[in-house]
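For ligands, and for the atoms within them, numbers begin at 1 and follow the listed sequence.
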Amino acid sequence: MDLAGKKIVLGLTGGIACYKAAELTRALIKAGASVQVVMTDAATHFITPVTMQALSGQTVYTDQWDPRVANNMAHIDLTRGADAIVIAPCSADFIAKLAQGRCDDLLSTLCVARPMQVPLLVAPAMNVEMWQNPATQRNVQQIAADGITIMGPGVGEQACGETGLGRMLEPAQLLELICAAFQAKSLAGKKVLITAGPTFEAIDPVRGITNLSSGKMGYAIARAAYAAGAQVTLVSGPTALVAPYGVQRIDVTTARQMHDSVLAQVGGQEVFIAVAAVADWHVSNAAEQKIKKDGASGLPTLQFAPNPDILAAVAALPDRPYCVGFAAESEQLLQHAEAKRVKKNIPLLVGNIGHETFGKDDNELVLFDAQGHTHLARADKNSLAQQLIAAIAARL
Ligand code: CTP
């Protein structure tokens with residue numbers, strides 16, 4: 001996640017989710033942003049300005065008439081030079097104010113007084129009934145039509161004991177969406193299908209064969225594609241990762257399940273990115289019961305049968321999407337990767353430099369297409385994923 005140099009005004013309104021705003025502040029700063037906190041009076045009942053000041057490292061403002069602002073125009077000064085205003089948590093009352101353009105406290109005045117090119121993002125947080133109330137829904141539609149980005153809300157257990165829509169999204173999800181707001185929408189409206197992670201081929205009910213893929217690169221690409229405006233479906237082998245916000249994830253285990261899932265989803269997709277490390281074979285004599293160490297047949301003998309090549313199957317479709325493959329080569333990347341691109345009959349193949357990238361947070365890539373190859377220098381996988389998505393968008 002990269003927000004280097006971005007100035008974010010973070011507004012807090014009254015709601016128990018204020019406690020999550022503390023973690024959001026830390027996450028924004030860790031991603032490189034500076035955070036200017038502004039709180040409504042109601043927000044100060046849930047978390048103190050002292051906490052937010054300590055975390056943000058900047059003076060927290062709560063009052064329109066704060067004498068510390070020399071010209072007494074905090075509502076103007078705080079948004080000039082800002083890259084985005086984020087309201088998290090955003091109460092039902094504050095959404096109503098935004099819908100009406102009311103200016104009866106510092107935060108609401110500041111929102112109305114912002115230059116219109118400064119994006120305003122809100123993370124609703126309220127009880128399920130408050131969220132579903134027709135007045136709230138009417139106000140949400142109004143602010144969305146006014147160009148305000150609505151992040152969430154999420155669904156789940158609420159502080160009041162009720163369950164449903166209205167929970168504020170988690171700080172990590174908000175961070176993804178805030179980063180996405182700064183990215184070019186180079187895949188706006190496009191449908192993108194991605195495979196990620198390893199596959200797992202059973203030997204018996206408790207043992208199997210898999211590989212070292214963590215899924216991090218594929219998930220980063222899914223995140224970057226969503227941030228670029230695409231509708232993303234991620235067919236994932238077993239990983240420990242949380243699905244990127246806004247991405248539809250389909251979980252599979254074996255290569256054959258991944259193949260069937262991809263072929264069921266591929267109709268209407270405009271881009272297919274095969275990032276998964278798919279097992280080339282499965283165990284054809286997998287045991288139905290656990291193989292016993294001291295069983296009558298002695299040491300087990302495994303027999304293998306080939307798995308379908310998912311990328312080749314998609315690339316062979318008559319109305320195929322734009323296909324992107326990955327290659328993890330342990331030697332002679334340039335020759336092997338280009339040969340693989342031609343053999344698989346795909347326009348773009350991404351080579352991992354070395355196979356030690358598995359599980360790591362950074363990577364180094366080479367893009368191979370009919371024109372030649374382009375090196376993407378070692379970087380965080382999220383940043384490489386953004387560069388790859390830009391490269392794909394430019395080739396579509
Ligand atoms: N791939 C696939 N289905 C398979 C095997 C691979 O879709 N059964 C895809 C991978 O997701 C990747 C690309 O094909 O995008 C290259 O995979 P790789 O394992 O490097 O190539 P292979 O064709 O399996 O060749 P080899 O293992 O011999 O290098």
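- Between the side chains of Asp105 and Gln64, no donor N or O sits under 3.5 Å from an acceptor N or O.
- Closer than 4.0 angstrom to ligand 1 lie heavy atoms from Ala274, Ala276, Val278, Asp280, Pro308, Asp309, Ile310, Leu311, Gly325, Phe326, Ala327, Ala328, Lys340, Lys344.
- No single ILVMFWY cluster, assembled from side-chain heavy atoms under 4.5 Å apart, contains both Val342 and Val324.
- No side-chain donor-acceptor contact under 3.5 Å links Lys344 to the backbone of Gly325.
- Gln36 contributes no side-chain N or O that, together with a main-chain N or O of Gln58, makes up a donor-acceptor pair within less than 3.5 Å.
- Between Phe368 and His373, the ring-plane angle classifies as tilted under the 30° and 60° cut-offs.
- Scanning all heavy atoms of the two residues, the minimum distance from Arg114 to Thr79 falls at CA-OG1, 4.0 Å.
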